[in-house]
Structure formats: structure tokens, C-alpha cells
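Counting convention: from 1, in listed order, for ligands and their atoms alike.
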Amino acid sequence: MAEPVLSMSGVTKSFSGVRALVKGELDLYAGEVTALIGENGAGKSTLVKILTGVHHADEGTIRLNGQPVRIGSADGAGRLGISAIFQEAVVFDDLSVAENIFVTDRPRRHGMVDWATMQSRARTILAGLDPRIDPSVPMRQLSVAQKHLVQIARALSVEARIVIMDEPTAALSHREVDELFTIVRRLKAEGRAVLFISHKFEEIFDVADRYAVFRDGAAVGQGFIRDVDRDTLISLMVGRSVDHIFPKVEVPIGEELFRVDGFSRGEEFADVSFALRRGEILGVYGLVGAGRSEVMQALFGLTRADAGRVTLEGHSLVIHSPEDAIRAGIAYVPEDRQIQGGILRFPISSNIVLPSLGHLSHRGFLRRSEERALAGNYVTQLQIKTSGVGQRLEELSGGNQQKVVIAKWLATNPRVLIMDEPTKGIDVGAKTAVYRLMGEMVAQGLGIIMVSSELPEVLGMADRILVMRRGRLRANFSRAEATPESIVKAATDA
Ligand SMILES: Nc1ncnc2c1ncn2[C@@H]1O[C@H](COP(=O)(O)OP(=O)(O)OP(=O)(O)O)[C@@H](O)[C@H]1O
Ligand SMILES: [Mg+2]
């Protein structure tokens, strides 16, 4: 039997009374990919942060090749050959791409930073990821996905024995995921141990050799991927089986609620027209880059369309800002919830009521009891794992932060709710909670526009499906007509 290159045992970590890890166990093997899975808040990222010296364990042992080690700091982890791609991207927008890659260990010559070597090494690493990324440009010029690729490049720049990836695919398109997996396989072939965290089962079965499941901070199972199926992993994760992933409720579709005609903006999208009816969930499918989010951002007033007309309940709308949109009854749950999402230092309750201040404040004062009650409701409905609504957003796990951002937009009582990749980063059980809530909202006469790149989600939840490709609407399917093949064909045909 192979000996693990890294082995954690009895690792416990609490944050002011909240137990994030309880006697955590994990083994990683050279030349193998281990998938770490668990619900939002199960302790996965905490474990990563302990392995990389960001947090220190309260108890427990970490062994590298059998020898106990102390990982005191991020630099210490690097020296031990452990490198990580974190769930929350830490990038420096004003520095160049190359500087971001070599942020902790810039190549030097005679004590000076060796810029030429840094550029060329950055170019070599990037060539295998996305050759279009120029290492000399400032980081801010990159898309979200490209910034993520730079983080990956950073992890690859050090000769790490252990490479950790905490939800590396959440911001990537399908093509980029394929490229990432090519890299993961190369790392494996080079004999490195990879820890891979994801909520997507297809990816886990595609790339992992082993699995380790955590529930409420404790290890509840590990073994070979070839010995398990999806349902077994799900029941280990949530402690029960999940039968109805898509709890679609049949809601009578009412009259037309919202209409968009001839909507265009520069190179981003052209001549987009569609209608949304009461009670309807309208799915908008497309490949990453098809222009879907750009349309939604313009509808919400984050950007401005060059042409087109928007009507809500028969009235023409003029939307120049998100405030205009919220006032009109339009809410937008953005895809990039880290950047456009919430205020990390504020409590959950304030984050949830922030955009709703209008109808909750009373002569300028916020009714704190109402604020807490409203927030408390969403915490229950969306299964947000927290010690209370007064807890700061930054203390929640990544997936639970996402749920807070969703709650904040639901709380504005919109008539039209736009959700961009609503279940990204959310675990399998909580996904169902989000879907159930969507069903309740449309039952009350709302209309939902759901932008999604997940075919099962679109097919499982949408009443009608629009497909966008290169900035234009290419197809419009009813729920009955839509098949996976027809949707994918419309999204990819030249
Ligand atoms: N800095 C912190 N302060 C307080 N509590 C924290 C802190 N960091 C994490 N926690 C808590 O520890 C628990 C585990 O969080 P962790 O981020 O490890 O979860 P996760 O498994 O990565 O979840 P996700 O899938 O949502 O990313 C959560 O209950 C979280 O609220
Ligand atoms: Mg996490």
C-alpha cells in the first residue's frame, strides 16, 4: 500500500466558539488527485487554510512523508512544497500579470528583481493555460476567468509537491475547465499530490482518483472514486439521500409581465427581444461569453444599452442605474458574487436588508427587529450556516456568502428577478433550497430570468429556454420542446 505524502489527523479548529473542523482526517498521495467534498460550511476551505499556514489548527498533527511538520505561515507552506489556489481570489489589480504570478518569490539576479526572466517564465506558464494573456499588462485588464487562471499560474510557478485547488472551476468556462484538467493530469503525471475541491460531481468523477467527504467539520468517509457513485457521495455529504434535486412546481403562467425589444449594446449584444410572463421561469442558456450577463447588467442599469425598449406591466421603463431598476421592481443576483456581492465586514442582517432600506426604514431609522426577522427568515429558508444574523459576512464559508447575496436581492420584493448562475458554488442540498424558493416566488406572480450554463438546471427548472450565442438570441424553446441536444446545438452552431 502506498504511503500518503501528506497526512492530517485529529485536526480541530474553532472560530470564536464555532467548530469549523472536528478531528479532521485527510491523506494525500503522490501522483493522485483527491477530491474534497462536503456541504457549504463543512470545513473544506478551513482545512486548506490550515495546510497553507493561513490559519493554525487548535489541535492535531500534519505529517509530510511521515514526519510531523508545523506550518506556521504561507511562506512556510511554500517552503514545504504546498501551494494553493484559494476560493477567494487574491489578486493585485494594479500589478502586472507577471508580478501577480511571482508575487511572493520574484526571480532575482544580483539582488535585483530580474524582470526579463520573470516575464519569460510567466509567458511559459501562461502558454499552457491561456496564451492570450499578456504577462506585462495590468491585472485589471483581465476577465474574471483570466484572473483565476493567473492564480492557477501562481500555484504552478512554485515547484510544489502538493497542489491544492479550492473550487478552481467556479469562474471558468467549459473550455477553460478542460484546459485546467489537462494541467491537473500533468501535475499527476509529474508525481504531485493534488487536492481538488468542487461541488460539481461531473468534474469530480472526471478528474479525481480518491475522495474525502467532510460533514460538519468531521471526516465521514474516504476511498477510491471508482468504488462510489454520485448518490453514495451525496448521502455521505448530507447524511441522507436527496431525491428531488429539481423540485419544479407547476405554476399557472399568467399575462405578460416584462418585455424587452431590440435591446443592443456595442459589440456585446444585438437585437435581443423577449417577453417574460407572470409565474414563469425563463432560462437563458449559452456558453460563457455569449453575452447573457451583459444583457442582464444593462437591464439592471449597471451599464446602458444603445438601443431598445423595456416595458414592465405595460409601462415603458427608463433605467439608468441599479437604483432605478430596484425602484421599478427589478432585482439582479450577479454571477460574480464576490465582487458585486456583499460587504464582507458587515453583519449578515445588514447585508440582506441593504438594498431594501427604502421599505424597511421608518423616518430614516432602520427597525432593527424587522431587519433581524427578515434576515432570520432567509437564513432558515436558504439553509445559511451561521451562528446568527449578527455574524459578519466574511466569517461565512464561500457558499454561504453566496446565499446571503441571493437573500439580499430576494428581500427587495422584486416583480422581476434576474438570477445569474444562481447555484454556482452552492452545495447539492442547498441548491434544492434555492430552487424551491424560486418556485415559491413565481407562485406569487413574479417572473424569474435565470441565466445558467448548467444544462440540467435549465432543463429542470425553466418553463421556457432562450439560447444566446455571440451576442444574439438564437433559439426559444418551450419546456416540452427542449432537449439537451437542441439547446447545445443552438448555443454552439456557427
Ligand atoms: N474567519 C472565520 N471566522 C468565523 N467563522 C469562520 C471563519 N472561517 C470559517 N468559519 C466557519 O467555519 C465553518 C467552515 O467554513 P469553510 O469555509 O471551511 O467551509 P467550506 O466547506 O469551505 O464551505 P463552502 O463550500 O461554502 O466553501 C463555517 O461554519 C464558517 O462559518
Ligand atoms: Mg470553501
- Query: Are any of the heavy atoms in Q402 under 4.0 Å away from ligand 1?
  - Reply: no

- Message: Starting from atom 11 (C) of ligand 1, what is the nearest protein heavy atom, named by residue and atom, and what distance separates them?
- Response: E395 O, 3.7 Å

- Item | Sub-4.0 Å heavy-atom approach of G43 to ligand 1 | yes

- Could you say whether the N/O atoms of A42 and ligand 1 ever approach to under 3.5 Å? yes

- Nearest protein heavy atom to atom 9 (C) of ligand 1, by residue and atom, and its distance? F15 CE1, 3.5 Å

- Look at atom 14 (C) of ligand 1 and say which protein heavy atom is nearest, naming residue and atom and giving the distance to 0.1 Å. G41 O, 3.4 Å

- Item | Under-4.0 Å salt bridge between D166 and K44 | no

- Atoms of ligand 1, numbered as shown, that sit under 4.0 Å from any heavy atom of G399: 24 (P), 26 (O), 27 (O)

- Task: Would you check whether K49 reaches within less than 4.0 Å of ligand 1, judged by its heavy atoms?
- Result: no

- Could E454 and K424 be called an ion pair, given the rule that one side-chain N must be under 4.0 Å from one carboxylate O? no

- Message: Test your reading of the structure: does N40 have an N or O sitting under 3.5 Å from an N or O of ligand 1?
- Response: yes

- Task: State the atoms of ligand 1, each with its element, that fall below the 4.0 Å cut-off from a heavy-atom position in E167.
- Result: 25 (O), 27 (O)

- Going by heavy atoms in the side chains, are D93 and K147 under 4.5 Å from each other? yes

- Message: Below 3.5 Å, N or O to N or O, backbone or side chain included: is there any such pair between S397 and ligand 1?
- Response: yes

- Under 4.0 Å from any heavy atom of L396, which atoms of ligand 1 are there? 31 (O)

